[in-house]
Amino acid sequence: MTDFARDKAPALPEPQAAAQSTNHEEPIDADNIESDFIEKDFIEGSQNGSFPGGDNRDPEKGERGDGEKRPDVNRLASHATNTSVGTQVTESPVEKKPWYKNVNPLRWGAVPPVPETRSPSREHTAGFFSLIYFQWMAPLMAVGYKRPLEQNDIWTVNPNRTAKLMTDKLQASFKKRKDRGDKYPLIWALHETFKFEFWIGGTCQFFANILQVVSPYTLRYLIQFATDAYVAQRSGQPAPHIGRGIGLVIGITFMQMLQSLGTNHFIYRGMMVGGEARAVLISVIFEKAMSISGRAKAGGRAIEGAAEASKEEETKIDPKKAKKSKKGVKNVLNPAKGVAGDGTGWANGRVVNLMSVDTYRVDQASGLFHMVWTAPIACIITLILLIVNLTYSALAGFALLVIGLPLLTKAVKSLFARRKVINKITDQRVSLTQEILQAVRFVKYFGWESAFLQRLGQIRDREVSAIQVLLTIRNAINAVSMSLPIFASMLAFVTYSLTNHDLNPAHVFSSLALFNSLRIPLNLLPLVIGQVTDAWSSVYRIQEYLLSEEQEDEAKPDENAKNAVEMDHADFTWERTATQDPDSIPVGAKQSKEAIKIEKARKKTLKDEEKAAEKSASPDAISSGNSTPDDATTLTEDREPFKLQNINFSIGRNELVAVIGGVGSGKSSLLAALAGDMRRTKGDLTIGASRAFCPQYAWIQNTTVRENILFGKEMDKEWYNNVIDACALQADLNMLPQGDATEIGERGITVSGGQKQRLNIARAIYFDADLILMDDPLSAVDAHVGRHIFDNAILGLLKNKSRILATHQLWVLNRCDRIIWMDEGHIQAIDTFDNLMENHPGFRLLMETTAVEEKQEEEEHVNDDEIEDEKKSQKKKRKRGVALMQAEERAVKSVPWSVYVDYIRASGSILNAPIVLLFLLLSQAANIGTSLWLSWWTSDKFGYSKGLYIGVYGALGASQALALFAFSLALTLYGTFSSKTMLNRAITRALRAPMSFFDTTPLGRITNRFSRDVDVMDNNLTDAMRMYFLTLAMILSVFGLIIAYFHYFAIALGPLFLLFLFSAGYYRASAREMKRFESVLRSHVFAKFSEGLSGTACIRAYGLKDRFVVNIRDAIDEMNSAYFLTFANQRWLSTRLDIIGNLLVFVTGILVVTSRFNVDPSIAGLVLSYILSIVQMIQFTVRQLAEVENGMNATERLHYYGTQLEEEAPLTTIEVRKSWPESGEIIFDNVQMRYRANLPLVLSGLTMHVKGGERIGIVGRTGAGKSSIMSTLFRLVELSAGSITIDGLDISTIGLQDLRSRLAIIPQDPTLFKGTIRTNLDPFNEHTDLELWSALRQSDLISDTAALDDKTPGRIHLDGIVEDEGLNFSLGQRQLMALARALVRGSQIIVCDEATSSVDMETDEKIQRTIATGFKGKTLLCIAHRLKTIVNYDRICVMDKGLIAELDTPWRLYEQGGIFRGMCDRGGIRREDFVGPKEE
């Protein structure tokens, strides 16, 4: 009987995840919370949750999702940051114990050293028996038992299983079949690639299944032998020879052995094929992603911003209509080829979905695929044997199974719909949690924690009650499905007895065993069929993707061309956007959590890009996916894609050409066309040189700075240093913790915008191509750096190359050879600077109006802005040094008992545990009782009437089912109560944690707790416990039963039990680490994949497709090296435990044979049929124990958050008068502040008196402590010394809620939350609509004429939807919204963290106007980046090194000539700009 199979027999598995995963957003945890045992996944239909993969953690943060740091440190060993998993691990040293304490001989001897290099897997060279019993795993397990495994211990993949080898094979086969025009080329290509291993598995399973049926049947003869002997002794006749009995026992044991090996190899091969298929598919999907054409993407990426924004409208569009409206795409996509012609397109999110979800489903399904045909065969053979045993009565029982199972399957299907609903709720909760955590600083500034906790609480209540209903139904289904074989056998025996047969023990107990053996195939069949159909639709989707059109590079390369670029009357076009929201694709294409995550990452990049593109947000920039235009909310349908028309020019081999033009004129598009990103519809384009492309938004890889610049080239030290100097990167490298070996976070999060852009330029220069395309690379860097780069890089290192530079910096124009002036997709003029100045009045006008203006503007704001950026990055760097230390510590030992006790307490009371156990005992008692009663009935022990026997038998059976249901119901209800209580505690505590906690803990890790760990507690933990207790109780009761009749069994049980404990411990030591590596390595694959996906434009332009494909294949091999070993590891355990189980069968058989004269044969039959069914349960129990431990691991981590996190000061302390602060007078008295203990002081003795209603501008260089003033005012960081008083109240004495709710802040990056504009302005519903409306009007978001109830689309109104992070509004609108929010507060003190650093002039003027009028008479502290904005404030405070350097009226400071005067001069501010008190 298959191991997992038997296991699952009891629970009718819920194939739900086959359809869908419990949480598709947050991928699996690095420790093996993701089930240590894959078959458990198989069986439970991986209802335990998400598709393994895609870690939400930042790999570079070196964090593991494992146990949290707990107070008693001796139980911990910190784990390496996985930047170098192998080298940095600081495990606690193993201390030498005296020999008599070290009893375990396996731990004797030296701890093996970590190997220098990794060796290939032993499996490749292992001998036959070693392969059969997985003995080749032993060396690795021995090492894992003596010390935690390191990355170098893990063998590399078998040479014949590398991704490259298998992918090449698959691609060749796929191509052959595609050219032949097969209908399903992919599935057959997969078959051709893996057929050998695939069919070995199938054959093993076929024979195992037959043996599984035959061995219970053989029991009949053994029991008959015992009966004959028993009867013979009673009647004094000669007994049959003992040899015959022993022969039968040996035969049965031997069949069991073979069957166990067959099953193990079937699972191993199935899982191998699954893992290999997954690897190959990821690889081919990635390759396709590198070469799919824009048209086939159907604009999926083109106007992504708009697509995102218009989801609401789009979903309403009937796909058929969409088809019509998109004639363009319809013609292109050939529906016959199965290409999605419905305008869904292949947006990145969908591709990630293919890679994460669909390949995973293929992997899952192949594990048990062969059951689809072997299970029915097994059932038919069983039925035949039952009929032989019980004549036609067997049909009665069988009919019950046949009728019952489809009904159960239907019931299980009904759970899917419920699970879908729950998933939606869970998603809401997780995304809200994530939003809150991302903006936690902001939530604290506004004192909104309680409002958000309330919102979370409501969602959580809905979620928990839905989960409880689901689990209740599922428990009912489980109780029925576990009792079905019992009822079926009852029915058969009752019919058999009523049709005037005597109940012969041989027939009855062999049939009982046969009915039990039916359980598994019947329970697994619906599950497997579900998995297979899912996988089929997945393969079909992947095939569609692989068949879609590929991008031809539009340019004809011609090495010998005279010019670097020649355009001959060429037209280019972007593609339309996808017209259908990919999420509404019918084919069960549920987005996995990872996909969503990666999607988020992409949105985030969009956001960064948007900032970069703010100054140049041209539709063409948009079309290349670079930014979200303000009008993105218009319906996508009607939007013509941007086109370039009649482009005609040539560019020499060493010419510098500038491309200029207004917003939306087509500058970026022109470069994209040259980079091969746009589709050419007419004319010719010849490129006579190799290309390097520097896009407007920098695409940064998650690797070291050096790798980012080298980009696959060899290292040439001298050239490299020149490049670094030319791009002004040396200073930045000096600041980074490991210089250019510093790892950059995902999407470049650890470097500032300016640094990203410079890396981008450095990469393009280092690549040493002959044609360099630069899309406004100077926009994100400050002016003097821009000049430096222009002089030393663009005019310096690149002087002999052909350079095309799209730019807004007009000061560069007079130094360019020629200028191309774009206008709405046409070239308006192309000439030298001087000629344009002479002959083109428009150009002259452009130069004159912007020259002065732009120069100062750029300089002054960019100057400080870059400094701000630097500051952020510096802070990050500083933090980074620390953050790296903050690796998540993981418990090395198991979960402490206190956590179990707290878990039980959280369910309501400690007394809930005994209640649950009581139900368990009752159900077990009834179970054993039922079978004992059957044996007494067959031997007619009490001489009752047939009717009474039947009645009691039925009653016992029914009571067993009820007790079982009661047990599992109690367990799940208490479990969900616990997880609800614990989550509530944890999230409340986390939101109350000080900012320093969020600064040193990667966000991914925190969200991981609140999504993945909660998910485990909600959905898997109680299940694991239920199965564990049930199987344990069953095993113990059976052992008890056997010992009661065969006392010698106890002797055999002892040593076998020890062996069993030892195997399990031995296995778990290495399994845990292996799983952990597999998760970490898997997250690398996911990160690389999504990274490559977001950088396709770049990779294509550089022509580095092959290198990235090789990269991803290496990452896949890395992942598989651990993934494949986890399979072997499990099979190693299974084969060992099966041997123990089979020895138990042998011992029982021998005992039956030897005591055949004095034990009633009906008892012997009972014992034998039980022991057969228990063999597989044994290993299931080990697995379930590990499962429970994993689940408790999650509990422990939540428990840590709920009890151990440090907290901020209390929310309320003393009563604060309603009207406070009346005038808004602030006194800083010798304020000293440091961000965390043992960091230097950021403010060192700041003293300042701000009068009520005064406006103060705060300026200063990077790190001068400007923003720190905010933090102290809002008490995000407590003071080290000194005090701050507002209107006579010392703020350190009042509660945080009171303090923060009375101040208003306009933060630097405007944070909006998903919801409506109303919830964003006023989450507590404290204000009337009119107040909110007037705030919107004051902040100029709506015109003065707009009416409150005017809800025409495109208009801003209070119930307008705000999407994730407010992405459906432009940056300017979001900034104004933040302003409106402060207006609504109506607070007397307003702090403004220079909100205008990232807005255009117009918005800036609006904001300044509003600040001047809306905040009249209020105290205003404004941290300024643009001096212009604060030149007319009452006073200016110049900060330097945490102290006030100058503090006076702006004019005086200007006259004085100090730091401020210097800043003014640099920023081009002249006397005329000062309005007001110059006269003094």
Side-chain angles (χ1 to χ4, degrees), residues 26 68-71 425-426 428-465 467 898-899 901-908 975-1018 1194-1213 1274-1278 1294-1301 1311 1313-1315 1319 1323-1324:
E26 161 74 48
E68 195 28 275
K69 153 163 108 211
R70 285 202 234 83
I425 305 177
T426 307
Q428 274 178 356
R429 174 176 61 78
V430 171
S431 59
L432 181 60
T433 312
Q434 222 162 359
E435 254 188 309
I436 296 173
L437 291 173
Q438 269 163 353
V440 69
R441 167 168 269 127
F442 182 85
V443 172
K444 286 185 183 302
Y445 272 141
F446 273 86
W448 281 353
E449 296 100 330
S450 46
F452 280 118
L453 282 173
Q454 201 181 335
R455 267 169 69 185
L456 270 178
Q458 288 163 353
I459 299 181
R460 181 69 176 150
D461 289 344
R462 292 201 342 253
E463 183 187 13
V464 168
S465 54
I467 288 179
S898 59
V899 175
V901 174
D902 276 332
Y903 179 67
I904 298 170
R905 275 215 190 94
S907 71
T976 41
F977 284 138
S978 290
S979 84
K980 185 173 167 182
T981 318
M982 292 181 88
L983 172 66
N984 193 11
R985 262 189 232 151
I987 190 102
T988 313
R989 189 82 179 230
L991 279 188
R992 301 275 304 109
M995 276 314 297
S996 58
F997 167 71
F998 295 98
D999 288 343
T1000 53
T1001 315
L1003 200 99
R1005 187 191 306 171
I1006 308 177
T1007 23
N1008 206 15
R1009 298 265 148 127
F1010 293 133
S1011 48
R1012 180 64 201 152
D1013 290 348
V1014 172
D1015 181 65
V1016 169
M1017 282 179 71
D1018 285 346
T1195 308
E1196 178 185 29
R1197 292 159 42 163
L1198 264 187
H1199 175 250
Y1200 172 84
Y1201 268 22
T1203 53
Q1204 308 288 327
L1205 288 186
E1206 45 180 336
E1207 289 192 277
E1208 286 188 305
L1211 287 178
T1212 46
T1213 47
F1274 283 85
R1275 284 177 64 196
L1276 284 195
V1277 185
E1278 298 291 351
I1294 60 177
L1296 292 180
Q1297 177 72 43
D1298 291 325
L1299 170 67
R1300 291 170 184 169
S1301 60
T1311 308
F1313 295 98
K1314 207 177 165 122
T1319 54
F1324 289 99

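All values derive from a computational prediction rather than experimental measurement. Residues: numbered from 1 along the sequence shown.
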Looking at [X] and [Y], what are the two nearest heavy atoms and their distance?
X     : Y     : value
P994  : E1208 : CA-CG, 3.6 Å
A993  : F998  : O-CE1, 3.7 Å
L991  : K444  : O-NZ, 2.7 Å
F1010 : A990  : CZ-CB, 3.8 Å
D1298 : S1301 : O-OG, 3.3 Å

(Q) Is there a ring-ring contact (aromatic ring centres under 6.0 Å, His included) between Y1201 and F997? Walk through the geometry before answering. (A) CA-CA 11 Å; Y1201 268 22; F997 167 71; 5.8 Å; yes

Q. Cut-off 3.5 Å, side chains only: do Q1297 and T1212 have a donor facing an acceptor?
A. no

I want to check something: taking the side chain as every heavy atom from C-beta on, are [X] and [Y] in contact at a cut-off of under 4.5 Å?
X     : Y     : value
L1296 : F1274 : no
S979  : R460  : yes
L432  : Q428  : no
E463  : D1018 : yes
T1007 : V430  : no
L1211 : R992  : yes
E435  : T1311 : no

Q: Check side-chain contact (heavy atoms from CB on, under 4.5 Å) between Q454 and all other residues, then give those that pass, not counting sequence neighbours.
A: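 Partners of Q454 under the side-chain contact (heavy atoms from CB on, under 4.5 Å) test: Q458.
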
Q | Partners passing side-chain contact (heavy atoms from CB on, under 4.5 Å) against V443 (at least two apart in sequence or in another chain) | A | I436, W448, E449, F452, F1313

In Å, rounded to the nearest 0.5 Å, how long is the span from [atom1] of [X] to [atom2] of [Y]?
X     : Y     : atom1 : atom2 : result
L983  : L456  : CG    : CG    : 8.0 Å
I987  : L437  : CD1   : CG    : 5.5 Å
I467  : T426  : CD1   : OG1   : 5.5 Å
L1198 : D1013 : CG    : CG    : 5.5 Å

(Q) R462: which residues meet the salt bridge (charged side-chain N to carboxylate O under 4.0 Å, His left out) condition with it, sequence neighbours left out? (A) none

Give a yes or no answer on whether the side chain of [X] reaches the backbone of [Y] with a donor-acceptor pair at less than 3.5 Å.
X     : Y     : result
R989  : Q1204 : no
R1300 : R1275 : yes
K980  : A906  : no
S978  : Y903  : yes

**Q.** Sidechain N-carboxylate O distance under 4.0 Å for D1015, R429
**A.**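 So D1015 does not pair with R429 through a salt bridge.
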
